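Structure record follows, encoded as structure tokens.
Each chain gets a letter, A, B and so on, in the order the sequences are listed, and its residues count up from 1. Bear in mind the structure is a predicted one, so any value in this text is a computation, not a measurement. Just the heavy atoms: all of them, side chains too, but no hydrogens, waters or symmetry mates, feed the values below.
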Amino acid sequence: MRRFASDWGDLMIRPATPAAYQLLHHGVLALAAIEHNGIRINLNTINKRREDIKEKIRDIEERLRGSKIFKEWQRSFGSKMNINSRAQLAHVLFNKLGYEAANKTAKGLPSTEAEDLERLGIGFVTGYIKQAKLKKVLSTYIEDWTVETGADGIMHPSFNLHLTETYRSQCEDPNLQNVPIRDAYIGPLIRSCVEAHDENSYFTELDFSGVEVKVSCANHKDPTMMRYLTERNAQGQLVGDMHKDMAAQIFMLPKETMPKEIRQTAKNKFVFPSFYGSYYHTMAIDLWNDCVKYKHKTTDGVDLIEHLKSKGIRELGSKDKDVKPVKGTFIYHLQQIEQDYWGRRFATYDRWKKRIWEQYLRDGGISTLTGFCIHGVFRRNQIINTGTQGPAFHCNLQSIIWIQEEIRKRKMKTKLVGQVHDSILASVPKNEFDDFAPMAKKIMTKRLCETWTWINVPMEIEVDRAPLGGSWADKKKIEVA
DNA sequence: TACTTCGGCGCC
DNA sequence: AAAGGGCGCCGAAGTA
């Protein structure tokens, strides 16, 4: 059964101030308008995509059938063989063929998640993962959207404010908040099915930049982090880049010539996990795996792991988290980095984490910047994150409320059609765009900061727009005054 | 047949 | 001391 926040006896959605109540009240109404507007699916495109994907799956399966591993699978399971059963695959790989699982699941079974399987370096498995991913998007997006879309071509996802523990929103039937984008092949495949409401409107996305990090600053007020988000040069460019700085420190490279992919690895496998409460051991393994997976190279073309060796880091170190980190291993190195990160670089942030946790233990709850009570049984990492995640979303929600009000007041034909935590989706008629975009930008970057004076670093947004007749997949960044 | 749990995977 | 925050949906397999 789906778990609702309200299932926990003493935990409930609890606006603790009039402003928080108003935010929920007007938020629900604005989201109802979005739900009513709905989002347009191009039925021709989605039908084409269905056939393309099915054909691709058939092709891959055809190839798989010729493989030795497939035949072993057939021998083991006979008529019970089901290519969609990961448990069967695990049995074949790890029991019959003697491969060693790279990881275990929570219940101690061998992991069959894509990354762990791919690490085995088996051709069959690579193909298997490919078709499994395609089946996932076929059922979750193509097939489900087809069912959810009415004859008018409009789909109406539900947005709720009362089901999430952190006071974020939730979206269902279908969930519009997990539409593929990272995979360069699958993202456009699915997003190309989503369009503006008519051929004279732009499909538009308004996206807060780094809103969670910025809202976290309002909580901890760490001067170093605030400087990263505030200090600009004469051209208006931010001076510092914390992801690049961390990449430089972790991989012992000069930041001036930092390759983009290495910065990305530091951002996704160290900086963000650190915010969410991960620690050096897990992060070291993830960083190391990324280096292997993406074959990272320094600007001189040296393999990043070889480069680390030249700097005295011989190996990853023991994956057993109970083993004390040994000098000369990457895990030991990460332990040093982490100590510096929380002990020196973001020491104020670190002290806030301790303070908020102690406050929670003392009072049995905390209150958020937007006036909500977080009350109930939580783990430490939940307490540290919950006061940031909710208010960050509330920046988006308050913007939605005001933008929706302006649309009504100005009798515009623009329709808000969705919302993804820190971004707003709209279908904007051609002749309204030059009014709409600056109006929305002003609300999201100016009015919000003037009203919520706890915001202590500048807010920025990115505006992306698809050409007329284009789709969500065609969105391009544009400059808005 | 209907439901639950698990592992997996899509997003912020 | 513990060790990645928040969601929804899918299929397989087990259970009622």
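- When rounded to the nearest whole Å, the span between CD1 of A:I384 and C1' of C:dA1 equals 13 Å.
- Straight-line distance from the CD atom of A:E115 to the P atom of B:dG10: 11 Å, rounded to whole Å.
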One character per nucleotide, please: for nucleotides 10-16 of chain C, 5' to 3', B when the base has a protein heavy atom closer than 4.0 Å, S when only the sugar-phosphate does, - otherwise. SSSS---

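- As judged by a 4.0 angstrom heavy-atom cut-off over every strand, A:E113 is placed among residues touching the sugar-phosphate backbone only.
- A donor-acceptor contact under 3.5 Å links the side chain of A:Q389 to the base of C:dG5.
- For the pair A:I383 CD1 and C:dG4 P, the interatomic distance rounds to 16 Å; values are reported in whole Å.
- A:Q382 comes within 4.0 angstrom of sugar-phosphate atoms only, judged by non-hydrogen atoms across all strands, and of no base.
- A:Q249 and A:R345 are linked by a side-chain donor-acceptor pair at a separation below 3.5 angstrom, with hydrogens and angles left out of the test.
- Within the 4.0 angstrom heavy-atom criterion, no nucleotide atom of any strand lies near A:N396.
- Note: NE2 (A:H162) to C1' (C:dC7) measures 14 Å, nearest angstrom.
- A donor-acceptor contact closer than 3.5 angstrom links the side chains of A:W73 and A:Q88.
- For A:L163 and C:dC9, the CG to C1' distance is 16 Å, given to the nearest whole Å.
- Side-chain contact annotation: A:K260 with A:Q264, donor-acceptor N/O pair under 3.5 Å absent.
- Under the 3.5 Å distance criterion, with hydrogens and angles disregarded, no donor-acceptor pair is assigned to the side chains of A:E462 and A:S209.
- Residue A:H421 has its side chain nearest to C:dG6 when only C:dG6, C:dA3, C:dC7 are considered.
- The residue A:K133 sits close only to the backbone: its heavy atoms come under 4.0 Å of sugar-phosphate atoms, none of a base.
- For A:F346 and A:H220, the distance between ring centers is not under 6.0 angstrom.
- Set against C:dG8, C:dG6, C:dG4, the side chain of A:N175 has C:dG8 as its closest nucleotide.
- Atom CG of A:D464 is separated from atom P of B:dC12 by 12 Å (rounded to the nearest Å).
- Look at A:Y276 and the base of C:dG4; the rings do not stack under the cut-offs of 5.5 Å between centres and 30° between planes.
- Between B:dC12, C:dG8, C:dG6, one nucleotide has an atom nearer to the side chain of A:D422 than all others, and that is B:dC12.
- Heavy atoms of A:I181 sit under 4.0 angstrom from primed sugar atoms or phosphate atoms, though from no base atom.
- We find that A:E118 and A:K293 are not joined by a salt bridge, their nearest charged nitrogen and carboxylate oxygen being 4.0 Å or further apart.
- Nucleic acid contact class of A:S169 (heavy atoms, under 4.0 Å, all strands): none.
- Among the heavy atoms of the strands lying under 4.0 Å from A:R182 is at least one base atom, whether or not backbone atoms are also near.
- For A:F94 and A:Y99, the ring centers sit 6.0 Å or farther from each other.
- If you check every strand for non-hydrogen atoms under 4.0 Å, A:Y141 touches sugar and phosphate atoms only.
- Contact annotation: A:T105 side-chain N/O to B:dG7 OP1/OP2 distance is under 4.0 Å.
- Among the atoms of the strands shown, only primed sugar atoms or phosphate atoms (P, OP1, OP2) are found under 4.0 Å from some heavy atom of A:K107.
- Rounded to an integer number of Å, the gap from A:L176 CG to B:dC12 C1' is 13 Å.
- Within the nucleic acid shown, A:N385 comes within 4.0 Å of sugar-phosphate atoms alone, with no base atom in reach, counting heavy atoms only.
- Within 4.0 Å (heavy atoms only), A:T112 reaches sugar-phosphate atoms of the nucleic acid but no base atom.
- Using modelled atom types, one finds a donor on one side chain and an acceptor on the other under 3.5 Å when comparing A:D116 with A:S111.
- The pair A:E205-A:K477 fails the salt-bridge criterion, with no side-chain N (NZ, NE, NH1 or NH2) lying under 4.0 Å from an Asp/Glu carboxylate O.
- A:E212 places its CD atom 13 Å from the P atom of C:dG5, with the value rounded to the nearest Å.
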